[in-house]
*Asks:* 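Starting off with a structure, shown below.
Residue numbers start at 1 and run along the sequence shown. Atoms considered below: every heavy atom in the structure, side chains included; atoms not considered: hydrogens, waters and symmetry mates. In each ligand, atom 1 is the first atom listed, and ligand 1 is the first ligand listed.
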Amino acid sequence: MNRTLIAAGNWKMHKTIGEASAYAEAFLARMREFQGLEVVICPPFTALPVLRDQFYQTPVRLGAQNVHWEIQGAFTGEISAPMLQELGCRYVIVGHSERRHIFRETSEEVGWKVKTLCSFHLSPILCVGETLSEREAGKTREVVQEQLLQGVAHLTPEEAQSLVIAYEPVWAIGTGRASTPQDAEEVIRFIREELASRFGQEVASGIRILYGGSVAPENVFDFVVQENIDGTLVGGASLDPGKFLKIVEETERAFLRKSGGA
Ligand code: PEP
């Protein structure tokens with residue numbers, strides 16, 4: 001199955017509106033149509049309106065970094081799916097390890113967020129991944145399975161078609177110590193098998209599964225060229241337009257290799 005690849009940037013809590021706008025200008029100046037992939041940028045909420053305008057009628061898609069599972073109400077400081085839809089988002093990251101560990105988000109809450117996003121036709125980028133101690137205790141599959149199955153607990157097979165999963169080992173995030181492509185492929189193949197048991201082979205083979213954790217222009221090709229890895233979720237290296245563009249170019253090169261070309 002040919003899956004459209006994704007190069008997604010997660011800016012986290014970086015860039016003011018002015019900085020985001022300058023980035024978009026620099027990025028678009030060197031942007032062209034890329035084959036076989038989608039480029040997604042997930043800025044802070046405050047930069048969404050300006051980027052929606054700057055990326056209008058370009059191949060760059062917008063994503064957000066979080067959402068609440070309710071669509072309105074007394075939830076001070078939160079943002080809803082219809083609000084993000086109105087701001088032009090196509091994707092929303094949920095269950096990022098920083099949200100799970102710093103803000104104590106549970107897999108159950110993540111599951112409700114995923115459900116709400118799908119009912120608003122927003123694609124969740126559902127992050128799963130083990131900590132170093134869990135990996136060392138041989139619990140990688142157990143942890144990933146729990147986060148994954150609770151994350152998709154309320155979805156129908158039809159809704160699951162818009163899902164994107166990001167496998168992000170916590171020990172690899174922001175550390176400069178990426179997983180090996182082979183280890184990432186192995187966990188991601190396991191994720192696809194779990195999705196197949198839950199939603200059927202056909203749906204599972206269409207779901208994009210990304211790798212995230214210290215992705216850089218130098219290593220992205222080796223990840224994306226793996227059979228089950230459909231792109232990357234990039235933190236630090238997405239903050240620099242030149243580096244992120246290089247990641248996009250390398251993702252296209254991996255697409256061409258996978259589709260039997262160069
Ligand atoms: C992330 O935060 O999702 C991430 C993968 O960060 P980094 O690329 O900096 O490791």
Side-chain angles (χ1 to χ4, degrees), residues 5-15 19-20 23 27 37-45 47 61-67 89-105 107 110 113-114 117 123-132 134-135 140 143-144 147-148 151 163-181 183-185 187-188 191 208-224 226 228-251 254:
L5 304 181
I6 294 181
N10 171 16
W11 287 2
K12 313 191 185 192
M13 197 172 71
H14 292 286
K15 297 194 190 296
E19 288 163 350
Y23 180 112
F27 193 74
L37 68 105
E38 281 183 272
V39 179
V40 181
I41 289 183
C42 305
F45 298 132
R61 310 258 182 262
L62 272 187
Q65 299 174 20
N66 189 23
V67 69
C89 290
R90 297 270 188 100
Y91 292 91
V92 181
I93 297 170
V94 286
H96 190 278
S97 73
E98 287 149 19
R99 302 246 22 121
R100 291 180 192 267
H101 296 117
I102 304 172
F103 301 102
R104 301 268 168 242
E105 246 178 55
S107 292
V110 172
K113 292 179 179 201
V114 166
L117 289 173
S123 290
I125 301 179
L126 167 60
C127 300
V128 298
E130 81 287 2
T131 62
L132 188 57
E134 288 163 344
R135 183 177 192 86
T140 298
V143 170
V144 165
Q147 293 176 352
L148 179 72
L163 257 183
V164 177
I165 309 291
Y167 168 56
E168 299 206 308
V170 180
W171 47 270
I173 297 178
T175 58
R177 196 186 142 206
S179 166
T180 65
D183 283 353
E185 167 69 10
V187 179
I188 285 175
I191 291 173
R208 272 93 53 88
I209 311 180
L210 316 181
Y211 167 75
S214 296
V215 170
E218 299 73 31
N219 64 14
V220 61
F221 178 86
D222 292 337
F223 283 105
V224 183
Q226 304 291 322
N228 283 285
I229 303 184
D230 305 315
T232 53
L233 179 57
V234 186
S238 74
L239 292 172
D240 177 300
K243 275 192 192 165
F244 190 50
L245 203 70
K246 188 74 190 151
I247 285 171
V248 173
E249 286 166 356
E250 288 291 284
T251 303

*Asks:* Listing by chain and number, which residues have a heavy atom under 4.0 Å from ligand 1?
*Replies:* Asn10, Lys12, His96, Glu168, Ala172, Ile173, Gly174, Gly212, Gly213, Ser214, Leu233, Val234, Gly235, Gly236

*Asks:* Residues two or more places apart in sequence or in another chain: which of them pass ring-ring contact (aromatic ring centres under 6.0 Å, His included) with Phe221?
*Replies:* none

*Asks:* For the atom pair CG (Asp183) and OH (Tyr167), what is the distance rounded to the nearest 0.5 Å?
*Replies:* 7.5 Å

*Asks:* Show every side-chain hydrogen bond (donor to acceptor under 3.5 Å, both in side chains) that has at least one partner inside residues 239-250, sequence neighbours left out.
*Replies:* Glu250-Arg253

*Asks:* Taking side chain as C-beta onward, heavy atoms only, is Glu168 less than 4.5 Å from Leu210?
*Replies:* no

*Asks:* Any side-chain heavy atom of Val92 within less than 4.5 Å of one from Pro124?
*Replies:* no

*Asks:* Please identify each residue that fulfils salt bridge (charged side-chain N to carboxylate O under 4.0 Å, His left out) with Asp222, with sequence neighbours left out.
*Replies:* none

